[in-house]
Amino acid sequence: MIEKKSCCFVCFFMPERKIMSTVITRFPPSPTGYLHVGGARTALFNWLYARHTQGRFILRIEDTDAARSSQASIDAIFEALEWLGIDWDEGPYFQTQRLEIYREYIGRLLEAGQAYYCTCTPETLAEKRKQALAAGRPVGYDGTCRERCLPPSSDAVVRFKTPAAGTTALMDVVRGRIVFDNAEIGDFVIQRSDGIPTYNFAVVIDDLTMGVNTIIRGDDHVSNTPKQILIYQALGASLPTYGHVPMVLGQDRTRLSKRHGAMSVTAYRDMGYLPEALINYLVRLGWSHGDQEFFSVAELIEKFDLENLGKSAGVFDPEKLLALNFEHIQACDVADLAQRVRPFMVKEGYDVDAGPDLQKIVATLNRRSKTLADMARDAYFYFQETIAYDPAAAKKFLRPVVLDALRMLLGELQQLADFSEPGLEAAFKTVMDATGFKLGKIAQPVRVALTGKTASPGIFEIMDVLGPGRVLPRLARAIAFIENRAAAAGQK
RNA sequence: GGUCCCAUCGUCUAGUGGCCUAGGACGUCGGCCUCUCACGCCGAAAACACGGGUUCGAGUCCCGUUGGGACCA
């Protein structure tokens, strides 16, 4: 029978959240590169659960692999977490600063006879492994040094004394009960000969000493878990609640890596995604709340639980993320969006303060932008001094047939008192009535005059935002352009 | 190779034995709206991996097969 522990228990029986034992979760990245979306999702699950239960969230940097760890990676991880808005209540702790603590616990295990020194050489071990493989026996350590009571030495590792028989069971909130044979586990190394603890040992000691009682992590850790449970038990400690969530896969259904395109969290920031959109997407990949697709961060904190975590791996779909980003952009008010899009406009090279009102610009673009970068790019015509005509657009719409209409429109606009949408519309109406042209016939040439292209926000909107100071000269220039064109044609 | 896990539309998912003629979302396709492009709206195609059980009844439970994945090597 699958037993599931979850926050629903807490929420159901203790709606006021007067919880006896505070939930303590953690995120323990290795600083061996940027924070990628898969790691961010794990961080999110832990952070959300801590916030949901009003518990605590700890950040711990697992930097014992000196060769692969770097300060640059640590900084990159902080940067990504900060952008996502993931804050921590404790830490960051660094494993390299906790070596004494690990040694102390190694000592305890040694004293209690639950661990021992082993001096088997890698060569012998490899040879024995080969033989075991050939004989079809488990490839774990054969126990040569187990009862030898060896003293510490520079070439000795410390092994954990795993019970030779029996089983170790993991009660997982997402997968139920998973049982492992102790014989398969064998006596594993908990401290290398250089005195550095192995991953499985350090993790347990850290979680134990930090009071972590809820561990949500990728299911690539499932096979490590029985070893960790054995250590908890040897230390007489109570087990944390485990929840192993499935991996995030690339489009080709293999594990996420660089070749799947942009995978770092900050890359999405730089492409103009909203952190709340990435969060929404990542959390929904592997967790659900009925049919709901859109969640604000506050809503996620309110609704996130362990009960509804899925157990099959999910493919990262950039298209869906993009669609969600669009929705989150729609959910932002223009003042907020204006602030957020500003750096992207600066990156485009616009002199933002010299342009029209930023909020008014944003109001014309937000309904049609999937990213902040799109919005900044599409705002070009608000900032360019002289509009470059797209050749095809100019050829099709800046033609002599509309010359009179444009001249008349320019005249109307020059004496227009109310340069706002209703006023502009009235001016167009006058020209339409006089020429018999439909709106489209006039609007397209004007659009090209104003933006250089055939696609843009509504013509009255952009004229309103641009204002007479920009509209009139651009119109005049388009008229001149057509006149020149007509003259050139006439000479042929 | 050993151990463990997973399996519903192309993708993310709803579904916890009858409410399933399998629902939603992204994407795709068609239409409407329209000053362009978008938005929006309407509609369509699209899935329970396979085979055995259990049961009055199975997407839902059990076993096997196949396929994928993780870890250890």
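Note that these values count all heavy atoms, side chains included, but never hydrogens, waters or copies made by symmetry.
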Going by side-chain hydrogen bond (donor to acceptor under 3.5 Å, both in side chains), name the residues that satisfy it together with [X], two or more places apart in sequence or in a different chain.
| X | value |
| --- | --- |
| A:Ser69 | none |
| A:Tyr273 | none |
| A:Asp181 | none |
| A:Glu421 | none |

Only distances under 3.5 Å count here; give the side-chain donor-acceptor pairs of residues 452-463 of chain A to other protein atoms, sequence neighbours excluded, each with its distance to 0.1 Å.
from     : atom 1 : to       : atom 2 : distance (Å)
A:Ser456 : OG     : A:Arg447 : NH1    : 2.7
A:Glu461 : OE2    : A:Gly458 : N      : 3.2

Which residues pass the salt bridge (Lys or Arg N to Asp or Glu O under 4.0 Å) test with [X], not counting sequence neighbours?
| X | value |
| --- | --- |
| A:Arg377 | A:Asp374 |
| A:Asp336 | A:Arg340 |
| A:Lys320 | A:Glu293 |

In residues 401-437 of chain A, which residues come under 4.0 Å of RNA chain B by heavy atom?
->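 Hits under 4.0 Å, by residue number: none.
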
Just the atom pairs and distances: protein N or O near nucleotides 33-35 of chain B's N or O, under 3.5 Å.
from  : atom 1 : to       : atom 2 : distance (Å)
B:C35 : O2     : A:Arg447 : NH2    : 2.3
B:C35 : N3     : A:Ile459 : N      : 3.3

List the protein contact pattern of nucleotides 9-15 of chain B with one symbol per nucleotide (5' to 3'): B for base contact, S for sugar-phosphate-only contact, - for none; contact means a heavy-atom distance under 4.0 Å.
-> --SBSS-

Residue pairs, two or more places apart or on separate chains, that pass ring-ring contact (aromatic ring centres under 6.0 Å, His included) and touch residues 164-193 of chain A |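 Every pair satisfying ring-ring contact (aromatic ring centres under 6.0 Å, His included) with a residue in residues 164-193 of chain A: A:Phe160-A:Phe188.
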
